[in-house]
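We name chains A, B, ... by the order of the sequence lines, and we start the count at 1 in each one.
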There are 2 protein chains.
Amino acid sequence: MVVRNPDETRTKILDAALDEIHLRGFQGMRVDHILKRTGLTKGALYHHFTNKQAIGYAIVDEILGQDIMERWVGPLEKSANPVVTFIEICENERAGKNASQIEKGCPVNNLTQEMSPIDEGFRERLEKVYQTWTGAIAESLERGINNGVVRDDIHPEKVAKFLLASLQGIIGVAKCCKEESVLDDMAECMRDYLISLLSQEGLSQVDLDILKAS
Amino acid sequence: MVVRNPDETRTKILDAALDEIHLRGFQGMRVDHILKRTGLTKGALYHHFTNKQAIGYAIVDEILGQDIMERWVGPLEKSANPVVTFIEICENERAGKNASQIEKGCPVNNLTQEMSPIDEGFRERLEKVYQTWTGAIAESLERGINNGVVRDDIHPEKVAKFLLASLQGIIGVAKCCKEESVLDDMAECMRDYLISLLSQEGLSQVDLDILKAS
DNA sequence: ATATAAACAGACTAGTTGGTTTGTCAAATA
DNA sequence: TATTTGACAAACCAACTAGTCTGTTTATAT
């Protein structure tokens with residue numbers, strides 16, 4: 001008797017597809033590879049998804065969007081100091097990644113670069129991810145301004161977009177650099193920039209050990 | 001009698017291929033499309049290139065590498081103030097681009113995100129491009145420090161890499177944003193950061209009209 | 001003028017790729 | 001219990017795709 005669990009099957013497909021897309025891109029991802037990795041057949045896959053595109057869309061909407069919520073939006077919403085929290089998230093993400101993971105970069109950025117110019121459905125979905133992402137950063141910065149820890153002469157929305165862009169740029173450039181030191185050099189500059197967003201009050205509140213490495 | 005010009009034929013192939021790759025990526029580029037666009041045949045194309053990969057490699061080595069030399073390395077080498085020159089190049093590039101060009105992004109970044117994790121040949125070539133690019137920025141910053149226009153407490157190499165990464169990040173994020181204002185918002189923050197790299201002397205030397213828009 | 005090699009033209013092919021179709025089996029439903 | 005439907009299995013297919021092969025035309029060297 002074969003155990004049937006449609007939800008698990010669907011998740012297995014998406015997980016395998018994301019892993020393939022992460023490395024090879026959406027166009028480079030092959031449906032047959034997903035089948036081999038999951039042990040499923042065409043019948044199963046095309047029962048859950050109308051076509052390859054639908055798999056890609058579901059990954060952005062469900063997995064990637066959810067990931068950003070957990071890793072960024074949640075922590076930033078709870079944070080009293082957005083700059084410190086931003087740095088902490090970056091350092092956590094960095095710590096959990098080895099060389100081959102650095103080479104693969106950020107799935108959101110990868111898909112944006114590859115698909116947004118040629119598939120409006122992807123573009124719309126990825127734009128939505130960016131909006132919630134930057135929205136959370138902007139809101140946390142605004143709260144930081146109101147709390148007096150962040151400089152009040154900055155534009156939260158603009159800085160939030162710039163922060164996210166710089167982060168994606170760093171991860172993106174690091175993809176083609178053999179030495180991991182390049183990544184850390186860029187991260188160091190980003191950290192300096194982030195700290196420059198703090199007000200005098202915010203600076204004095206920051207733990208010493210967060211500043212000492214600069 | 002058909003006029004034969006092998007050099008021109010080769011260039012035509014590379015130009016058409018770059019245009020296709022710029023929009024669809026290397027994997028999304030189709031050899032047949034190149035043939036249709038150029039009016040050439042398989043025989044001609046495979047006389048000049050051993051395979052599709054060789055076309056991609058040639059584009060990075062010859063066209064993209066050359067482009068960076070002309071647009072960035074040259075101007076920066078001649079520049080007395082790297083910060084001002086950097087801003088000027090950015091603004092020139094921005095001014096020459098419409099919405100659909102913004103959507104396509106930077107070919108160097110696109111290829112990096114797509115190909116560097118799955119093709120070592122691409123990665124090596126793109127890394128070389130980044131090295132000359134960041135090298136030129138770093139050298140100009142160092143000269144700026146020596147001339148007293150750039151702050152002497154910054155690390156030229158690290159800042160150069162960060163600047164390039166941020167630039168690529170901005171261009172990359174802008175690819176999936178409908179409103180062009182997002183691009184300009186991010187660019188404004190980048191400009192602020194660039195200006196923050198100037199020393200007191202450098203700041204006083206900067207034209208008023210370059211600073212007024214901030 | 002002739003030989004040789006470079007620069008093509010274009011039909012052909014082998015392997016791939018996303019997707020379809022038909023059928024089976026288990027579970028919910030009536 | 002009978003029946004319908006959801007969840008798969010797997011053979012099949014048409015379109016595509018990079019690359020090859022043979023032949024032809026043009027340029028170049030002698």
Side-chain angles (χ1 to χ4, degrees), chain A residues 1-60 62 111 114-115 118-122 125, chain B residues 1-60 62 111 114-115 118-122 125:
Chain A
M1 189 180 75
V2 180
V3 177
R4 284 189 175 175
N5 192 333
D7 285 353
E8 194 184 301
T9 300
R10 193 187 136 90
T11 302
K12 263 167 63 181
I13 294 169
L14 290 181
D15 286 347
L18 172 56
D19 209 52
E20 280 274 311
I21 290 171
H22 196 179
L23 178 65
R24 308 188 189 282
F26 178 75
Q27 297 179 101
M29 180 267 276
R30 302 297 171 212
V31 172
D32 280 350
H33 292 186
I34 309 303
L35 301 180
K36 266 184 196 156
R37 289 179 58 142
T38 57
L40 296 166
T41 60
K42 286 249 166 122
L45 190 142
Y46 282 99
H47 173 73
H48 287 281
F49 299 96
T50 58
N51 52 27
K52 185 184 172 185
Q53 192 186 51
I55 299 176
Y57 287 2
I59 285 175
V60 179
E62 300 168 33
L111 276 175
E114 181 191 4
M115 298 308 295
I118 54 175
D119 189 304
E120 179 65 9
F122 267 109
R125 286 165 171 81
Chain B
M1 189 181 78
V2 180
V3 178
R4 282 190 176 176
N5 192 334
D7 284 353
E8 194 184 301
T9 300
R10 194 187 134 91
T11 302
K12 263 167 62 181
I13 293 169
L14 290 182
D15 286 348
L18 172 56
D19 209 52
E20 280 273 312
I21 290 170
H22 195 178
L23 178 65
R24 307 188 189 282
F26 177 74
Q27 297 180 101
M29 180 266 276
R30 303 296 172 213
V31 173
D32 280 349
H33 292 184
I34 309 302
L35 301 180
K36 264 183 196 156
R37 289 179 58 143
T38 57
L40 297 166
T41 60
K42 286 256 164 113
L45 189 140
Y46 282 99
H47 172 74
H48 287 281
F49 300 95
T50 57
N51 51 27
K52 186 183 171 184
Q53 192 186 50
I55 299 176
Y57 286 3
I59 285 174
V60 179
E62 299 168 33
L111 275 175
E114 181 190 4
M115 298 307 295
I118 54 176
D119 188 305
E120 179 65 10
F122 267 108
R125 286 167 171 81

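The phosphate of C:dG18 has OP1 or OP2 within less than 4.0 Å of a side-chain N or O from A:Arg30. The shortest distance between the side-chain N/O atoms of B:Thr9 and the OP1/OP2 oxygens of C:dC8 is below 4.0 Å. Residue B:His48 places none of its side-chain N or O atoms closer than 4.0 Å to OP1 or OP2 of C:dA6. Considering only side-chain N and O atoms, B:His47 lies under 4.0 angstrom from the phosphate OP1 or OP2 of C:dA7.
For the pair B:Ile118 and B:Gln27, the minimum side-chain heavy-atom distance is below 4.5 Å. In this structure, B:Leu45 and B:Leu40 have side chains that are not in contact, with every pair of non-hydrogen atoms separated by 4.5 Å or more.
For B:Arg4 against D:dT25, a side-chain-to-base donor-acceptor contact under 3.5 Å is present. At a cut-off of 3.5 angstrom, counting only N and O atoms as typed in the model, there is a donor on one side and an acceptor on the other between the side-chain of A:Lys42 and the base of C:dG18.
Summarising the geometry, the separation between OH on A:Tyr46 and C1' on D:dC12 is reported as 14 Å, rounded to the nearest angstrom. The CZ-C1' distance, from B:Phe49 to D:dA18, rounds to 15 Å in whole Å.
Out of D:dA18, C:dG18, C:dA9, the shortest distance to the side chain of A:Lys52 is found at C:dG18. With distances taken from any side-chain atom of B:Leu40 to the nucleotides D:dA7, C:dA9, C:dG18, the minimum falls on C:dA9.
Looking only at distances, no side-chain donor or acceptor of B:Lys42 sits under 3.5 Å from a matching main-chain atom of B:Leu35.
Looking at every heavy atom in both residues, A:Val60 comes nearest to A:Arg125 through CG1-CB, 3.7 Å.
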